[in-house]
Each structure stands twice: as C-alpha cells, then as structure tokens.
Amino acid sequence: MTQLWLARHGQTDDNLAGDVFQGFRDTPLNATGRDQAAVLARRIQDELGPGLAGLWCSDLRRARETAEILGAAVGLEPRLEPRLREGNRGDWEGRRFGEVAAADPQGYAAWLSAGPDFAFPGGESLCAHQARVLAALTEITAAGRADAPSLVVCHRGSIRVALCARDPRGLHAFHDHDVANTGLVPW
C-alpha cells in the first residue's frame, strides 16, 4: 500500500499564464483551481477512500486552499507544513520565463539544466529545496499509519524534487517530472 500521496495545488492565475516563476509568492487559487480541487476531492474519495491517515499541506495559500477543499470532502483538517513550500525562486519570483531568459541567459540555461548545483539568484538551491521537502515527507510518513495513506498538498517543484530523490539521475531529472495542477502521485 502506498503510504503517502502527493497532490499539486489547483490552478492560479500565474499557472494560467504558464510562464511565471511563483516560488514563495502567496498566490490564491482562481475559479478553475477551486473547481479542480473539488474534482480532486471526489477522486480521492473514490480512489483512496475515506480512511486517510492525515492531510498535510504547504502553508502557501494556493496549497492551503486546495487542502481545505479536500479536507472538507474527507473530514480532515489540513496540517500546515512550511517545509513543503515551493522552492524560493528569489529574484525571479513573479517574473516571466522569457523576461528572465532575456535578462540572464546563462542563469536561465542553468535552470533548464537543473541539477544539484543550481540555485536561484537570491533564492534557494534545488538541493536545499529537496532537503527540506524530504525531511518533511519523512516525518509525515513516520507519523502516518500502516493501514491508511496520508495526503500531502504542495507544489510542482516540491513534488519534482521529491521524485528526483528516487530517480537515478537525481536533480538532473527535475524538468522531466511534470505534475499538472491537482495531479496526484504516489510517494
């Protein structure tokens, strides 16, 4: 039995644009994101059943709102865990990909290559992001039950760094692990 499931938050206006570095920006869900969260809640009820051991989420609004919608459907109050936040994108937060690529072509190329040495200017490295997410997931798994899975609602980057921990290519595979809004993956 899978003991932990990771879900990405619903859509935000930044996700709708598709090319904005969100990072620690505390963006809310848009109407589509709230609808996506309701659909995910029904999916979780159907696939995971009513017996979730726990519901955890990033403290950023987009993840928290998604978790609150899910929690109402399964009867659990989300527990906030700041270590599940998206990576700190530093100076790039709120900027469009094309703008960053034009202003910092070498930095943007390094981002596209990812890897353990990449760090956002003024922000966090992928390695540091991965370390804090994995520490949180380890504690959440340990606090769970053997007979029921827990659910974690967080961010695409946080899910990616977690999946890279199990990928033989490590953080070099960061961009290969894409997760759509309200995507659900086993951990």
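Because the structure is a prediction, the values reported are computed rather than measured.
- Between Phe97 and Trp92, the gap from one ring centroid to the other reaches at least 6.0 Å.
- No cation-pi contact links Arg89 to Phe24, judged by a cut-off of 6.0 Å to the six-membered ring centre and 45° from its axis.
- Considering every non-hydrogen atom in both Arg95 and Ala103, the closest pair reads NH2-CB, 3.6 Å.
- Although no hydrogens or angles enter the test, the distance criterion places a donor-acceptor pair under 3.5 Å between the side chain of Thr138 and the main chain of Leu134.
- Using bins of under 30°, 30° to 60° and over 60° for the plane-to-plane angle, the ring pair Phe120/Phe21 lands in the perpendicular bin.
- Separation of atoms SG (Cys127) and CG (Leu171) is listed at 6.5 Å; rounding is to 0.5 Å.
- The shortest distance between side-chain heavy atoms of Leu4 and Ile140 falls below 4.5 Å.
- Just one residue in the list Leu6, Val179, Leu60, Leu84 forms a side-chain contact (heavy atoms from CB on, under 4.5 Å) with His155, and that residue is Leu60.
- If you take CG on Asp167 and CG on Asp176, they are separated by 7.5 Å, rounding to the nearest 0.5 Å.
- In terms of heavy-atom proximity, Asp104 sits nearest to Pro121 at OD2-CG, 4.2 Å.
- Two residues are said to be in side-chain contact when any heavy atoms from C-beta on lie closer than 4.5 Å; Arg62 and Pro28 fail this criterion.
- Contact detail for Ala17 and Val20: the closest heavy-atom pair is CB-CG2, 4.0 Å.
- For the pair Arg61 and His9, the minimum side-chain heavy-atom distance is 4.5 Å or more.
- Linking Ile, Leu, Val, Met, Phe, Trp and Tyr residues whenever their side-chain heavy atoms come within less than 4.5 Å leaves Val39 and Ile44 in two separate clusters.
- The closest donor-acceptor contact from the side chain of Gln11 to the backbone of Gly33 lies at 3.5 Å or more, if one exists at all.
- Counted by atom type alone, His129 and Ser158 present one or more donor-acceptor pairs between their side chains at under 3.5 Å.
- One finds the CD atom of Gln3 at 8.0 Å from the OG1 atom of Thr141 (value rounded to the nearest 0.5 Å).
- With hydrogens and angles disregarded, a donor-acceptor distance shorter than 3.5 Å links the side chain of Glu65 to the backbone of Leu29.
- Between Glu81 and the options Arg83, Arg79, Arg85, a side-chain hydrogen bond (donor to acceptor under 3.5 Å, both in side chains) holds for only Arg83.
- Gln22 contributes no side-chain N or O that, together with a main-chain N or O of Glu93, makes up a donor-acceptor pair within less than 3.5 Å.
- The two residues Cys57 and Ala63 have their closest heavy-atom pair at CB-O, 4.1 Å.
- In this structure, Leu184 and Arg43 have side chains that are in contact, with non-hydrogen atoms separated by less than 4.5 Å.
- In this structure, Gln130 and Ser125 have side chains that are not in contact, with every pair of non-hydrogen atoms separated by 4.5 Å or more.
- Arg156 is listed as a side-chain neighbour of Asp178, based on a closest heavy-atom distance under 4.5 Å.
- Rounded to the nearest 0.5 angstrom, Ile69 CD1 and Arg34 CZ are separated by 7.0 Å.
- Residues Pro116 and Leu126 form no side-chain contact, since every pair of their non-hydrogen atoms from C-beta on lies 4.5 Å or further apart.
- Contacts of Asn15 classified as side chain to side chain donor-acceptor pair (under 3.5 Å), with partners at least two apart in sequence or in another chain: Thr12, Asn181.
- When hydrophobic clusters are built by joining Ile, Leu, Val, Met, Phe, Trp and Tyr residues whose side-chain heavy atoms come closer than 4.5 Å, directly or via intermediates, Trp5 is grouped together with Val153.
- No donor-acceptor distance shorter than 3.5 angstrom exists from the side chain of Ser58 to the backbone of Pro82, with no hydrogens or angles considered.
- Here the side chain of Glu86 pairs a donor or acceptor atom with the backbone of Gly157 at under 3.5 angstrom.
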| said: Assess the residue pair Leu80 and Arg64 against the criterion (side chain to side chain contact (heavy atoms under 4.5 Å, CB included)); give the C-alpha distance rounded to whole Å, side-chain angles, the decisive distance to 0.1 Å, and a yes or no. | reply: CA-CA 8 Å; Leu80 300 182; Arg64 194 176 65 244; 3.7 Å; yes
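- Rounding to the nearest 0.5 Å places CG of Leu52 at 6.0 Å from CG of Leu151.
- Both tests hold for Arg160 against Phe174: distance to the six-membered ring centre under 6.0 Å, angle to the ring axis within 45°.
- Here Glu139 contributes atom CD and Leu137 contributes atom CG; the two are 10.0 Å apart, rounded to the nearest 0.5 Å.
- With hydrogens and angles ignored, the 3.5 Å screen pairs no side-chain donor or acceptor of Gln45 with any backbone N or O of Val74.
- Side-chain contact between His177 and Cys164: present, with at least one pair of heavy atoms (C-beta onward) separated by less than 4.5 Å.
- Cluster membership for Trp187 and Trp56, using ILVMFWY side-chain heavy atoms within less than 4.5 angstrom, is shared.
- Summarising the geometry of Val133 relative to Ala162, their closest heavy-atom pair is CG1-CB, 4.3 Å, with the distance given to 0.1 Å.
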